Amino acid sequence: MSRVLSAAAVALAMVAIPVAGEAQSPVNSSDAPISFGADSGEYVGNTVTLRGRAELIQGQNRLRADRVSGLSQTGESRIEAAGNVYFVTPEQTIRGDSAVYTTADDMIVVTGDVILTQGQNVLTGSRLTYNVRTRTARIEAGGQGGRIRGVFYPQNSGN
């Protein structure tokens with residue numbers, strides 16, 4: 001029983017600790033340009049809305065969804081993504097039903113049927129808050145009696 005709890009604690013820690021040496025990587029800098037693509041889009045005021053296979057790329061991070069809105073040329077944005085949301089980094093993939101990414105604090109909140117994968121490791125829940133700058137995450141269960149779930153594969157130490 002204690003071994004199972006230890007594995008669960010390590011699995012949760014996997015999303016709470018940034019990959020060594022990469023938290024300050026310029027490749028993932030929030031100052032990097034943002035490129036985008038979609039089946040259609042509109043530009044109203046200073047805000048871009050993308051529909052159909054919408055994708056935003058900044059550094060090595062990518063946000064994909066059926067619809068993305070709120071991208072602003074003025075700097076800080078509150079980007080909302082809906083439908084088949086994926087946020088992909090070099091180490092992790094986060095999937096959910098919807099997401100809100102606030103560029104001012106580099107936080108993305110993914111909700112719905114959330115799945116976080118890192119290598120073979122998997123965590124599921126209903127809400128995930130991810131800090132793009134520090135690469136740390138917090139996953140939560142939803143509803144009455146909801147639970148997070150996970151599968152963690154310990155790294156082989158070579159012994």
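Below, all heavy atoms of this structure are taken into account, side chains as well, without hydrogens, waters or symmetry copies. Quick caveat, the model's predicted, so the values are computed rather than measured. Each residue takes its place number in the sequence, starting with 1.
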- Message: Running the 4.5 Å side-chain criterion over Ile, Leu, Val, Met, Phe, Trp and Tyr, what cluster does Met107 land in, apart from itself?
- Response: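 Members besides Met107: none; it forms no cluster.
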For [X] and [Y], indicate whether the former's side chain and the latter's backbone hold a donor-acceptor pair under 3.5 Å.
{"X": "Ser77", "Y": "Ser72", "answer": "yes"}
{"X": "Thr102", "Y": "Asp105", "answer": "no"}
{"X": "Asn121", "Y": "Tyr153", "answer": "yes"}

Should [X] and [Y] be counted in the same cluster of Ile, Leu, Val, Met, Phe, Trp and Tyr side chains packed under 4.5 Å apart?
{"X": "Val68", "Y": "Tyr43", "result": "yes"}
{"X": "Leu56", "Y": "Val88", "result": "no"}
{"X": "Tyr130", "Y": "Tyr86", "result": "no"}
{"X": "Val132", "Y": "Ile57", "result": "no"}

- Query: Taking atom types as modelled and ignoring hydrogens, do the side chains of Thr111 and Ser98 form a donor-acceptor contact shorter than 3.5 angstrom?
  - Reply: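 Indeed, the side chains of Thr111 and Ser98 share at least one donor-acceptor pair under 3.5 Å.
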- Task: Would you give the length of the straight line joining atom CZ of Arg149 to atom CG of Leu123, rounded to the nearest 0.5 angstrom?
- Result: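 So the gap between those two atoms works out to 12.0 Å.
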- Rounded to the nearest 0.5 Å, what's the gap from OG1 on Thr124 to CZ on Arg147? Could you check?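 Between atom OG1 of Thr124 and atom CZ of Arg147 there are 10.5 Å.
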- Message: Please determine whether a side-chain nitrogen of the Lys or Arg among Arg95 and Asp97 lies less than 4.0 Å from a carboxylate oxygen of the Asp or Glu.
- Response: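 Yes, this pair counts.
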- Item | Electrostatic pair Arg53-Glu55, nearest N-O below 4.0 angstrom |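 No, no charged N to carboxylate O under 4.0 Å.
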- Taking the side chain as every heavy atom from C-beta outward, state whether Ser126 and Ile139 have any pair of such atoms under 4.5 Å apart.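 No - every pair of side-chain heavy atoms lies 4.5 Å or more apart.
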- Task: Kindly indicate whether the side chain of Arg51, heavy atoms from C-beta on, has any atom under 4.5 Å from the side chain of Glu42.
- Result: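 In short, these two side chains touch, coming nearer than 4.5 Å.
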- Task: In sequence, state the C-alpha distance, the side-chain angles, and the governing distance for Thr136 and Thr129, and then conclude on side-chain contact (heavy atoms from CB on, under 4.5 Å).
- Result: CA-CA 8 Å; Thr136 57; Thr129 304; over 6 Å; no
- Applying side-chain contact (heavy atoms from CB on, under 4.5 Å), run through Ile108 and Leu63 and close with a yes or a no. CA-CA 10 Å; Ile108 185 167; Leu63 175 65; 4.1 Å; yes
- Arg127 vs Val109, side-chain contact (heavy atoms from CB on, under 4.5 Å): CA-CA, chis, key distance, verdict: CA-CA 7 Å; Arg127 178 183 168 95; Val109 178; 3.5 Å; yes
- Item | Residue among Thr49, Val48, Thr47, Ile79 satisfying side chain to side chain contact (heavy atoms under 4.5 Å, CB included) with Ser69 |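 Single pass found, and it is Thr49.
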- Query: Stepwise, does the side-chain contact (heavy atoms from CB on, under 4.5 Å) test hold for Val122 with Phe152?
  - Reply: CA-CA 7 Å; Val122 179; Phe152 175 70; over 6 Å; no
- Query: What closest approach, in Å, do Gln60 and Pro90 show between heavy atoms, and which atom pair accounts for it?
  - Reply: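 Closest heavy-atom pair between Gln60 and Pro90: OE1-CG, 3.0 Å.
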